[in-house]
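Note sheet for the following structure.
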Amino acid sequence: QVQLVESGGGLVQAGGSLRLSCAASGRTFSSYAMGWFRQAPGKERQFVGTINWSDDRPYYADSVKGRFTISRDNAKNTVTLQMNSLKPEDTAVYYCAARQGSSRYYYTSDYDYWGQGTQVTVSS
């Protein structure tokens, strides 16, 4: 089993920055992919970005490319989502997810483990 815990959500004004962290614990496989998703009220869960543990190949949704950055620390079993130039439309609950594999995965159905989510609210 893998447990994921997100932290770092909060309230920020448009144009500001926020950093989310995801800590993984429990038994893990040798290769994992990590993803970030978000879900606003009345909307489907949306892909934000992904990174894997074995290389450094982050990939982002067009809506956040150039503003958000995913990084990883294998020794600490953590991934971070640095969010800059935040917009009101970024307001959502943000989720960290994980699955075994060395490819890039873009869909909610690709992931086996999920965190509880953390609220990000961007005011105008």
Side-chain angles (χ1 to χ4, degrees):
Q1 294 287 85
V2 176
Q3 294 82 45
L4 305 174
V5 179
E6 303 98 331
S7 62
L11 175 65
V12 65
Q13 292 188 355
S17 298
L18 206 61
R19 177 177 292 199
L20 306 183
S21 296
C22 176
S25 62
R27 296 181 181 180
T28 60
F29 296 98
S30 59
S31 180
Y32 263 85
M34 305 292 296
W36 284 98
F37 294 80
R38 65 187 184 184
Q39 188 167 22
K43 302 293 184 180
E44 294 187 344
R45 193 164 297 185
Q46 179 187 32
F47 171 77
V48 174
T50 184
I51 194 170
N52 63 48
W53 295 110
S54 59
D55 60 19
D56 194 5
R57 297 172 59 238
Y59 181 83
Y60 307 96
D62 288 341
S63 59
V64 306
K65 192 174 299 182
R67 300 187 297 120
F68 291 10
T69 302
I70 296 175
S71 60
R72 58 176 169 85
D73 187 333
N74 290 4
K76 297 181 179 179
N77 291 323
T78 60
V79 295
T80 64
L81 179 66
Q82 178 66 46
M83 303 183 293
N84 299 323
S85 301
L86 283 163
K87 305 174 181 179
E89 54 261 42
D90 295 319
T91 296
V93 176
Y94 283 71
Y95 296 91
C96 176
R99 64 157 288 158
Q100 184 182 7
S102 58
S103 299
R104 295 187 295 198
Y105 307 96
Y106 313 122
Y107 308 105
T108 58
S109 59
D110 290 328
Y111 291 86
D112 302 304
Y113 306 99
W114 293 84
Q116 81 286 355
T118 185
Q119 177 71 48
V120 172
T121 302
V122 184
S123 62
S124 59

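Predicted, not measured: the structure shown is a model, and the values here were computed from it.
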Using 30° and 60° as the class boundaries, would you call the ring planes of [X] and [Y] parallel, tilted or perpendicular?
| X | Y | result |
| --- | --- | --- |
| Tyr113 | Tyr32 | tilted |
| Trp114 | Phe37 | tilted |
| Tyr111 | Tyr105 | perpendicular |

Are [X] and [Y] joined in one hydrophobic group, where the rule is that I, L, V, M, F, W and Y side chains link up if heavy atoms are under 4.5 Å apart?
| X | Y | result |
| --- | --- | --- |
| Trp36 | Val120 | yes |
| Val93 | Leu4 | no |
| Val79 | Phe68 | yes |
| Tyr60 | Val48 | yes |

Give a yes or no answer on whether the side chain of [X] reaches the backbone of [Y] with a donor-acceptor pair at less than 3.5 Å.
| X | Y | answer |
| --- | --- | --- |
| Tyr95 | Glu6 | no |
| Thr50 | Met34 | yes |
| Arg19 | Gly8 | no |
| Ser31 | Gly101 | yes |

Output the rest of the hydrophobic cluster of Val5: all Ile, Leu, Val, Met, Phe, Trp and Tyr residues reachable through side-chain heavy-atom contacts under 4.5 Å, sorted by chain and number.
none
Go through the side-chain N and O atoms of Thr80 and Ser71 and say whether any donor and acceptor fall under 3.5 Å apart.
yes
State whether a side-chain donor-acceptor pair under 3.5 Å links Tyr94 with Arg38.
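Per modelled atom types, Tyr94 and Arg38 side chains form a pair under 3.5 Å.
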How close do Ser103 and Ala33 get, heavy atom to heavy atom, and via which atoms?
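Looks like O-CB, 3.9 Å.
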Nearest heavy-atom pair of Gln39 and Lys43: which atoms, and what distance?
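So the minimum-distance heavy-atom pair works out to NE2-O, 3.1 Å.
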Under a 4.0 Å threshold between the charged nitrogen and the carboxylate oxygen, would Lys65 count as salt-bridged to Asp62?
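Yes, charged N to carboxylate O under 4.0 Å.
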Is there a side-chain contact (heavy atoms from CB on, under 4.5 Å) between Met83 and Val12? Walk through the geometry before answering.
CA-CA 11 Å; Met83 303 183 293; Val12 65; over 6 Å; no
If you count the non-hydrogen atoms of other residues, nucleotides and ligands that lie under 6.0 Å from CD in Gln3, is the total more than 12?
yes
Minimum side-chain heavy-atom gap [X]-[Y] below 4.5 Å:
| X | Y | value |
| --- | --- | --- |
| Asp112 | Gln100 | no |
| Ser63 | Glu89 | no |
| Thr78 | Ser21 | no |
| Asn52 | Arg57 | yes |

Once you round to the nearest 0.5 Å, how far does [atom1] of [X] lie from [atom2] of [Y]?
| X | Y | atom1 | atom2 | answer |
| --- | --- | --- | --- | --- |
| Leu86 | Ser123 | CG | OG | 10.0 Å |
| Gln119 | Thr91 | CD | OG1 | 7.5 Å |
| Ile70 | Gln82 | CD1 | CD | 11.5 Å |

